[in-house]
Amino acid sequence: FHPGHVNAYILADDDGLTIVDTGNGRADTRVHWQAFLTSDLGRQGVRRVVLTHGHPDHSGHAEWLCQQTGAELWATAAEVDAIRRLWRGTPLNYPAVEAFFRQWGLPADQFDAVRGLMDSFRADTSDLDLPIRELQDGETLFLGGQLWQVKCGYGHTPANATLWQRESGLLITGDHLLPRIVPNISIWWGSSLNPLGEYLASIRTFMNMGPLVGLPSHGSPFDELDRRILQIIQFHRKRLVRALQFCTGEPRSAYECIRPVLGKTEGGALISLIIGQVFAILAYLEAEGLLLRSDDDVIRFQAVPDALERLEALAVLDREQPNSLP
């Protein structure tokens, strides 16, 4: 799967280990965990499994690990709901899912690709039929002999739980902040209708937290997190500008926006995640009053006359670093 790997973190306590994220639910991933559990480190015992969020490449082996080791599973309630209702449940609602994609202009001949991706999400996760300790935003955990604060990030998934160790300056980021990849912000059937708005507001709250080393789920550890956040904001700002430019004059559907806004092709196995990004961009601009929607068989959007000027005035897209935490 893209990007080809996921990082799991292991924190050692005197009474056992904490695993943060588990990889997908496939057999080749299980081989690695089986080898780990029989290693000198693994034989110390696993006390808990913590999920940053519920995407399959993070949560897929959580239930199996807990069953094998007797560990507790810790996750935010919103992510558990997403696993059970969205990643596991979406393939059970294909008529509604297809209607959802049709309204955004996706051609019927691409629904097989949509179904294929959603089937893979279901196959690579589990129902998490076990007791779960719900993580709360802002709470403090004692892990690996240190205090870690849960700080949730929103938009990529409902409530990605990052773990912040203030004294050592470590931040396990999940997918909320990544060193090279910009996290996918998409509207998924049955999920938030403005995830991009949630994400842009959320990542700014991670600025000015002091010198940090980010421990990401994809890629290598990184520093200069404030600089990286501003890069991500600029990335989204450019896409928003392209969307307004393309929707100036003639109303456009989400499918029509894929190439001019994202610079990607209008098809392929990941079409649901590609067009989902466009959904999120258009929904955000509509929520800010910069696009007007026309409802027909296919939803189309048209920019208001002063949309580009009003976009530049949005504080969440400010290209400067704020002086203090929001």
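Positions are given from 1, in the same order as the sequence printed here.
- For Glu266, the side chain to side chain contact (heavy atoms under 4.5 Å, CB included) criterion is met by Tyr255, Ile258, Arg259, not counting sequence neighbours.
- Aromatic ring pairs are classed by plane angle as parallel below 30°, tilted from 30° to 60° and perpendicular above 60°; the pair His218 and His5 is perpendicular.
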* Asked: Would Trp189 and Asn93 count as a side chain to side chain contact (heavy atoms under 4.5 Å, CB included) if you check the C-alpha gap in whole Å, the side-chain angles of each, and the deciding distance to 0.1 Å?
  -> CA-CA 10 Å; Trp189 175 83; Asn93 295 278; 3.5 Å; yes
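- Judged by distance alone, with hydrogens and angles left aside, the side-chain atoms of Asp13 form a donor-acceptor pair with the main-chain N or O of Gly144 at under 3.5 Å.
- Hydrophobic clustering (side-chain heavy atoms under 4.5 Å, transitive across Ile, Leu, Val, Met, Phe, Trp, Tyr) groups Leu177 together with Leu200.
- Rounding to the nearest 0.5 Å gives a distance of 12.5 Å between CH2 of Trp33 and OG1 of Thr38.
- Under the 4.5 Å side-chain criterion, counting only non-hydrogen atoms from C-beta, Phe100 is in contact with Ile187.
- When atom types are taken as modelled, the side chain of Ser217 and the backbone of Val6 share no donor-acceptor pair closer than 3.5 angstrom.
- The side-chain heavy atoms of Val97 and Ser272, taken from C-beta on, include no pair separated by under 4.5 Å.
- Taking hydrophobic clusters as Ile, Leu, Val, Met, Phe, Trp and Tyr residues chained together by side-chain heavy-atom distances below 4.5 Å, Phe246 does not share a cluster with Leu308.
- Between the CG atom in Asn194 and the CG atom in Leu285 there is a gap of 9.5 Å [rounded to 0.5 Å].
- Side chain of Arg47 to main chain of Thr18: no donor-acceptor pair is present (N/O by atom type, distance under 3.5 Å, no hydrogens or angles).
- For the pair Trp148 (side chain) and Leu170 (backbone), a donor-acceptor distance under 3.5 Å is absent.
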* Could you go through the side chain to side chain contact (heavy atoms under 4.5 Å, CB included) check for Arg48 and Arg133 one step at a time? => CA-CA 10 Å; Arg48 62 192 65 83; Arg133 195 277 211 190; over 6 Å; no
* Asked: Could you go step by step and tell me if Arg228 and Gln231 meet the side chain to side chain donor-acceptor pair (under 3.5 Å) rule?
  -> CA-CA 5 Å; Arg228 179 59 182 150; Gln231 288 176 342; 3.1 Å; yes
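- Using a 4.5 Å heavy-atom cutoff, the side chains of Leu37 and Gln68 are in contact.
- Thr22 and Gly60 make their closest contact through OG1-N, 3.6 Å (heavy atoms, listed as atom of the first residue, atom of the second, distance).
- A distance-only check finds a donor-acceptor pair linking the side chain of Gln165 to the backbone of Ser168 [under 3.5 Å].
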* Glu63/Arg88 under salt bridge (charged side-chain N to carboxylate O under 4.0 Å, His left out): CA gap, chis, key distance, verdict -> CA-CA 14 Å; Glu63 185 169 322; Arg88 295 283 291 168; over 6 Å; no
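- Counting only heavy atoms from C-beta outward, the side chains of Leu163 and Tyr9 never approach each other to under 4.5 Å.
- Residues Asp175 and Thr157 have side chains not in contact (no heavy-atom distance under 4.5 Å, counting atoms from C-beta outward).
- Ring pair His236/Tyr199 is perpendicular by interplanar angle, where above 60° counts as perpendicular and below 30° as parallel.
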* Asked: How far apart are the C-alpha atoms of Phe206 and Thr162, what are their side-chain angles, what is the distance that settles it, and do they pass the side chain to side chain contact (heavy atoms under 4.5 Å, CB included) test?
  -> CA-CA 10 Å; Phe206 284 76; Thr162 73; 3.5 Å; yes
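- For CG of Asp306, the number of neighbouring non-hydrogen atoms (other residues, nucleotides, ligands) closer than 6.0 Å is greater than 12.
- With sequence neighbours excluded, the residues forming a side chain to side chain contact (heavy atoms under 4.5 Å, CB included) with Glu288 are Tyr284, Leu290, Leu314, listed by chain and number.
- Closest heavy-atom contact between Thr248 and Ala303: OG1-CB, 3.9 Å.
- In this structure, Ser186 contributes its side chain and Leu273 its backbone to a donor-acceptor pair below 3.5 Å.
- Between the side chain of Asn24 and the main chain of Arg26, a donor-acceptor pair closer than 3.5 Å is present.
- In this structure, Phe111 CZ and Glu98 CD are separated by 5.5 Å, a value rounded to the nearest 0.5 Å.
- Nearest heavy-atom pair across Ile229 and Ile203 is CD1-O, 3.5 Å.
- Between Pro56 and Ser120, every side-chain heavy-atom pair lies at or beyond the 4.5 Å cut-off.
- Grouping Ile, Leu, Val, Met, Phe, Trp and Tyr by side-chain contacts under 4.5 Å, direct or through others, leaves Val298 on its own.
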* Intermediate values then yes/no, side chain to side chain contact (heavy atoms under 4.5 Å, CB included), Ile185 and Glu198 -> CA-CA 10 Å; Ile185 311 298; Glu198 295 168 4; over 6 Å; no
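- Cluster membership check: Val241 does not share its hydrophobic cluster with Val304, using side-chain heavy-atom separations under 4.5 Å among Ile, Leu, Val, Met, Phe, Trp and Tyr.
- Of the possible polar contacts, one joining the Asp226 side chain to the Asn208 backbone as a donor-acceptor pair under 3.5 Å is found.
- The two atoms that bring Val316 and Ala201 nearest to each other are CG2-N, 3.7 Å, heavy atoms only.
- Follow the hydrophobic side-chain contacts under 4.5 Å out from Leu244 and you reach Phe279 in the same cluster.
- In this structure, His176 has its ring center no closer than 6.0 Å to that of Tyr154.
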* Assess whether salt bridge (charged side-chain N to carboxylate O under 4.0 Å, His left out) is satisfied between Arg115 and Asp112, documenting all intermediate values. => CA-CA 5 Å; Arg115 287 190 288 267; Asp112 283 346; 2.2 Å; yes
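- Here the CG atom belonging to Leu86 is positioned 12.5 Å from the CZ atom belonging to Arg122, to the nearest 0.5 angstrom.
- Taking both residues in full, the closest heavy atoms of Val46 and Val49 are given as CG1-CG2, 4.3 Å, listed atom of the first, atom of the second, then distance.
- Ring geometry for Trp87 against His55 counts as tilted: the plane angle lies between 30° and 60°, on a 0 to 90° scale.
- Taking CH2 of Trp64 as the reference point, atom OG1 of Thr29 lies at 10.5 Å (rounded to 0.5 Å).
- Side-chain N or O atoms of Glu256 include one that pairs as donor or acceptor with a backbone N or O of Ser253 at under 3.5 Å.
- Annotation for Pro158 and Ala82: closest pair CG-CB, 4.0 Å, computed over non-hydrogen atoms.
- In summary, the aromatic rings of Trp104 and Phe101 are positioned with their centroids too far apart to meet the 6.0 Å limit.
- Linking ILVMFWY residues whenever their side-chain heavy atoms come closer than 4.5 Å, directly or via other members, places Leu282 and Phe235 in the same cluster.
- Counting only heavy atoms from C-beta outward, the side chains of Leu240 and Leu196 approach each other to under 4.5 Å.
- Under the 3.5 Å distance criterion, the side-chain polar atoms of Gln149 are left unmatched by any main-chain donor or acceptor of Trp164.
- Under 4.0 Å is where a charged nitrogen must lie from a carboxylate oxygen, and between Glu286 and Arg293 at least one such pair does.
- Side-chain contact between Leu51 and Val80: absent, with no pair of heavy atoms (C-beta onward) separated by less than 4.5 Å.
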